[in-house]
Number of protein chains: 2
Amino acid sequence: MKLRPKHDRRRYDARARIAKALAHPSRLMILDALDRREICVCDLAQLVGADQSTVSKHLAILKQAGLVEDRKDGVMVYYTLKACCLQGFWDCLEAVLAQNLKAQQAVLR
Amino acid sequence: MKLRPKHDRRRYDARARIAKALAHPSRLMILDALDRREICVCDLAQLVGADQSTVSKHLAILKQAGLVEDRKDGVMVYYTLKACCLQGFWDCLEAVLAQNLKAQQAVLR
DNA sequence: CACATTAATGGCGGAATGGCCATACAGGCA
DNA sequence: TGCCTGTATGGCCATTCCGCCATTAATGTG
């Protein structure tokens, strides 16, 4: 059996595919909203303030990454959060932002 | 004083700027390597297997996002990890990947 | 059946990303 | 001084991303 090299490019490619899905403000907003309840596409479109087709494509990206699931109910499609591990991600982003803000204030002083 | 709306677009823009910096396999590889020690640009270029100028631009992006710091020592520039919160991010990526793999295996069965 | 509603898809144009090459800008050294 | 090394930057090109519009598909309703 062959040991996986520590720096396997394919592993980082796979990670980056997930990270790319997280790298858009509208998608972050969607994930944040879905953390509390399931929401249909039309409501999400209103939430992010973009065209329905645009939001639908964002949702397809999130679904492809395995971050959300969809459930059809008649004409409506409801999306729910599938990844239950995002809290650490949010905390990380906020920590970096807070740190950057602090650094910027230090420069001004 | 005005209360910040829960879904402030600017807040998600700020978060997305950080997330974008994390959304590239070479940058993930760099961050992972820097977690253990400070490394100069030339060694990082060899690690990721890209041109020195390419890696330098990746590092500028990471620095701009506040994820790494640089320290000049003569001609060399050493980069170190500034964000101390990435473990939750790694764990999240791995959890999603594991979940996706499991789902894919379930489909095959 | 026709018609309305909801979501997904195709297409297009503009913007951003990412790669390398060439070059500029140090710093170290003879 | 001149040369070498390590790094950053500008330019260019190919690719990807992202927005809306138009269209299609599917379901519910009269």
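Lettering follows sequence order; numbering is per chain, from 1. FYI, side chains are in, hydrogens and waters are out, and symmetry mates aren't considered; it's all heavy atoms of this structure.
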Query raised in the report: Between atom CG of B/D35 and atom CD1 of B/I30, what is the distance when rounded to the nearest 0.5 Å?
Result: 14.0 Å
Report summary line: If each end axis of the helix from C/dC1-D/dG30 to C/dA30-D/dT1 is fitted on five C1' pair positions, the angle between them, to 10 degrees, is 10°
Query raised in the report: Mind checking whether A/P25 and A/M29 have side chains closer than 4.5 Å, heavy atoms only?
Result: no
Query raised in the report: So which heavy atom on B/G66 is nearest to which on B/K82, and how close?
Result: O-CD, 3.6 Å
**Report entry** Hydrophobic cluster membership, B/L86 vs A/W90, 4.5 Å side-chain cutoff
**Finding:** yes
Report summary line: Taken to the nearest 0.5 Å, the spacing of B/L81 CG from B/I39 CD1 works out to 10.0 Å
Report summary line: Whichever of B/G49 and A/S53 has the more 5' nearest nucleotide on DNA chain C, that residue is A/S53
Report summary line: Closest non-hydrogen atoms of A/L22 and A/L28, given as atom of the first, atom of the second and distance, are O-CD2, 3.0 Å
**Report entry** Outermost DNA chain D nucleotides near chain B [under 4.0 Å, heavy atoms]
**Finding:** D/dT5 to D/dG11
Report task. Give one of base, sugar-phosphate or nothing for A/K57, where a contact means two heavy atoms less than 4.0 Å apart. Result -> base
**Report entry** Cation-aromatic face contact A/R15/A/Y12, 6.0 Å, 45 degrees
**Finding:** yes
Query raised in the report: Are the side chain of B/R27 and the backbone of B/L62 linked by a donor-acceptor contact shorter than 3.5 Å?
Result: no
Report summary line: By nearest-nucleotide position on DNA chain D, the 5'-leaning member of B/D43 and A/I61 is B/D43
Report summary line: Assign each of A/D70 and A/K20 the nucleotide of DNA chain C bearing its closest heavy atom; nearer the 5' end lies the nucleotide of A/D70
Report task. Round to the nearest Å and state the distance from B/L28 atom CG to C/dG18 atom P. Result -> 11 Å
**Report entry** Side chains of B/N100 and B/Q104, donor plus acceptor under 3.5 Å
**Finding:** no
Report summary line: Closest heavy-atom pair, B/V77 versus B/K72, reported as atoms and distance to 0.1 Å, is CG2-CG, 4.1 Å
Requested in this report: Please list, by residue number, the residues of residues 73-81 of chain A whose heavy atoms come closer than 4.0 Å to an atom of DNA chain C; answer none if no residue qualifies.
Outcome: A/V75, A/M76, A/V77, A/Y79
**Report entry** B/D32 bridged to A/R11 by N-O distance under 4.0 Å
**Finding:** no
Report task. Mind calculating the distance between CG (A/D51) and P (C/dT9) to the nearest angstrom? Result -> 15 Å
